[in-house]
Amino acid sequence: MQTPVHLALGAGPGLGAGVARRFAREGYHAVLTARTAPEAAELADLLAADGHPAEGAAVDLLDPADIARVVAGVGERHGRIDVLHFNPSAWREADPLHLTVAELLEDVTLGVGALLPAVQAARPFLGRGARVLVTGSAAADKPWHGAASLGVQKAGVRNLVTSIDATLAGDGIRAVAVQINGLLARTGPFSPEPIAEAMWAAVSRPDDAWTPHVSYDG
């Protein structure tokens with residue numbers, strides 16, 4: 001397949017679909033994953049309604065084997081993965097006096113750990129120029145105590161992206177976390193469209209201008 005492939009993990013009808021739509025305008029084939037097959041199909045239909053080729057797939061982001069199965073399956077079907085967009089995070093309203101170790105580990109498994117089997121399964125299909133794109137958040141630096149696990153997730157995944165980028169850079173594959181320093185909204189500078197534009201700009205940089213972290217301040 002000559003068409004580049006954009007694979008979104010943990011996509012939703014807002015930012016996940018918006019980023020996929022932005023890449024689709026550049027000629028990418030979109031694969032959007034969600035927790036259930038009907039949810040994933042709805043996301044694919046959103047792009048198809050705009051005339052963009054898209055498909056959906058269900059994945060359990062708490063199950064490394066399922067992540068590997070889905071990501072490798074996309075690579076095998078299309079022969080390539082050009083952008084792997086890691087978008088999930090777990091929102092749990094629990095402060096440090098009420099958050100349990102089990103809850104924290106579950107949230108970190110989804111918001112950080114799931115990136116590992118995704119990148120490992122995608123690696124055979126990532127060619128020179130491919131990108132790993134991660135949705136970051138200001139919570140990495142300014143966590144809200146009432147949802148303490150979110151800040152841990154976003155700080156952790158940003159750190160992991162640094163290591164992934166250093167590991168893959170020699171093969172011409174780069175990774176970047178785009179830190180969104182504002183609350184997501186339906187309209188305005190923190191709505192899906194301008195954030196998607198910032199993400200496109202982040203991954204389309206040349207290697208000599210690359211950094212593994214980009215801030216989007218609206």
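Note that the coordinates shown come from a computational prediction; the quantities given were computed from them, not determined experimentally.
Met199 and Ile164 sit in two unconnected hydrophobic clusters of ILVMFWY residues. Membership requires side-chain heavy atoms under 4.5 Å apart, directly or through other members. Criterion: ILVMFWY side-chain heavy atoms under 4.5 Å apart, direct or through other members. Under it, Val132 and Val5 are part of a common hydrophobic cluster. Leu43 and Leu61 are not part of a single hydrophobic cluster, where members link through side-chain heavy atoms under 4.5 Å apart.
Taking OG1 from Thr109 and CG from Leu116, the interatomic distance works out to 10.5 Å, rounded to the nearest 0.5 Å. Here Asn159 contributes atom CG and Lys154 contributes atom NZ; the two are 14.0 Å apart, rounded to the nearest 0.5 Å.
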One pair to check against side-chain contact (heavy atoms from CB on, under 4.5 Å): Leu184 and Ile195. What are the steps and the verdict? CA-CA 9 Å; Leu184 297 180; Ile195 294 174; 3.4 Å; yes
I would like to know whether Thr211 and Val176 meet side-chain contact (heavy atoms from CB on, under 4.5 Å); could you show each step before the answer? CA-CA 7 Å; Thr211 57; Val176 61; 5.6 Å; no
Where do Leu104 and Ser149 land on the side-chain contact (heavy atoms from CB on, under 4.5 Å) test, with the steps shown first? CA-CA 6 Å; Leu104 176 61; Ser149 81; 3.9 Å; yes
Please lay out, stage by stage, how Glu106 and Arg92 fare under the test salt bridge (Lys or Arg N to Asp or Glu O under 4.0 Å). CA-CA 11 Å; Glu106 179 178 292; Arg92 187 190 301 271; 3.2 Å; yes
Just do the side-chain hydrogen bond (donor to acceptor under 3.5 Å, both in side chains) check on Glu93 and His98 with the steps written out, would you? CA-CA 9 Å; Glu93 287 203 29; His98 297 91; over 6 Å; no
With side-chain contact (heavy atoms from CB on, under 4.5 Å) as the test, would you mind laying out the steps for Leu46 and Arg21 before giving the verdict? CA-CA 9 Å; Leu46 289 175; Arg21 185 177 292 109; 4.1 Å; yes
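Counting heavy atoms from C-beta outward, Phe190 and Ile180 have side chains that approach closer than 4.5 Å. The shortest distance between side-chain heavy atoms of Arg80 and Pro4 falls below 4.5 Å. The shortest distance between side-chain heavy atoms of Gln179 and Val214 does not fall below 4.5 Å. Residues Leu160 and Val112 meet the side-chain proximity criterion, which asks for heavy atoms closer than 4.5 Å. By the 4.5 Å heavy-atom criterion applied to side chains, Tyr28 and Thr3 are not counted as neighbours.
Around the CZ atom of Arg25, the shell of radius 6.0 Å holds more than 12 heavy atoms that belong to other residues, nucleotides or ligands.
Glu26 places no side-chain N or O within 3.5 Å of a backbone atom of Phe23 that could act as its donor or acceptor partner. A donor-acceptor pair under 3.5 Å is absent between the side-chain atoms of Asp82 and the main chain of Ala130, judged by distance alone. Between the side chain of Glu103 and the main chain of Thr100, a donor-acceptor pair closer than 3.5 Å is present. Proximity of a side-chain donor or acceptor of Arg205 to a complementary backbone N or O of Ala202 within less than 3.5 Å is detected. The closest donor-acceptor contact from the side chain of Asp60 to the backbone of Leu62 lies under 3.5 Å. Side chain of Asp165 to backbone of Ala175: a donor-acceptor contact under 3.5 angstrom is found. Checking side-chain atoms of Gln153 against main-chain N and O of Ala90 turns up a donor-acceptor pair under 3.5 Å. Side-chain atoms of Arg131 come within 3.5 Å of backbone atoms of Val203 as a donor-acceptor pair (strictly under, hydrogens ignored).
Taking every heavy atom of both residues into account, Ala20 and Leu32 meet most closely at CB-CD2, 3.7 Å. Heavy atoms only, all atoms of each residue included: Thr33 and Leu9 are closest at OG1-CA, 3.2 Å. Taking every heavy atom of both residues into account, Pro212 and Val161 meet most closely at O-CG1, 3.6 Å. Considering every non-hydrogen atom in both His85 and His6, the closest pair reads CB-NE2, 3.8 Å. Residues Ala58 and Ala37 approach most closely at CB-N, 3.4 Å, considering heavy atoms. Between Ala11 and Ala34, the shortest heavy-atom contact is O-CB, 4.3 Å.
We find that Arg123 and Asp171 are joined by a salt bridge, their nearest charged nitrogen and carboxylate oxygen being less than 4.0 Å apart. Between Glu55 and Arg77 there is a salt bridge, since at least one side-chain N of the basic residue sits less than 4.0 Å from a carboxylate O of the acidic one. Look at Asp141 and Arg158 and you find a salt bridge, because one of the NZ, NE, NH1 or NH2 atoms lies within 4.0 Å of a carboxylate O, short of that distance.
When each of Val178, Leu15, Val19, Val157 is checked for a side chain to side chain contact (heavy atoms under 4.5 Å, CB included) with Thr135, only Leu15 meets the rule.
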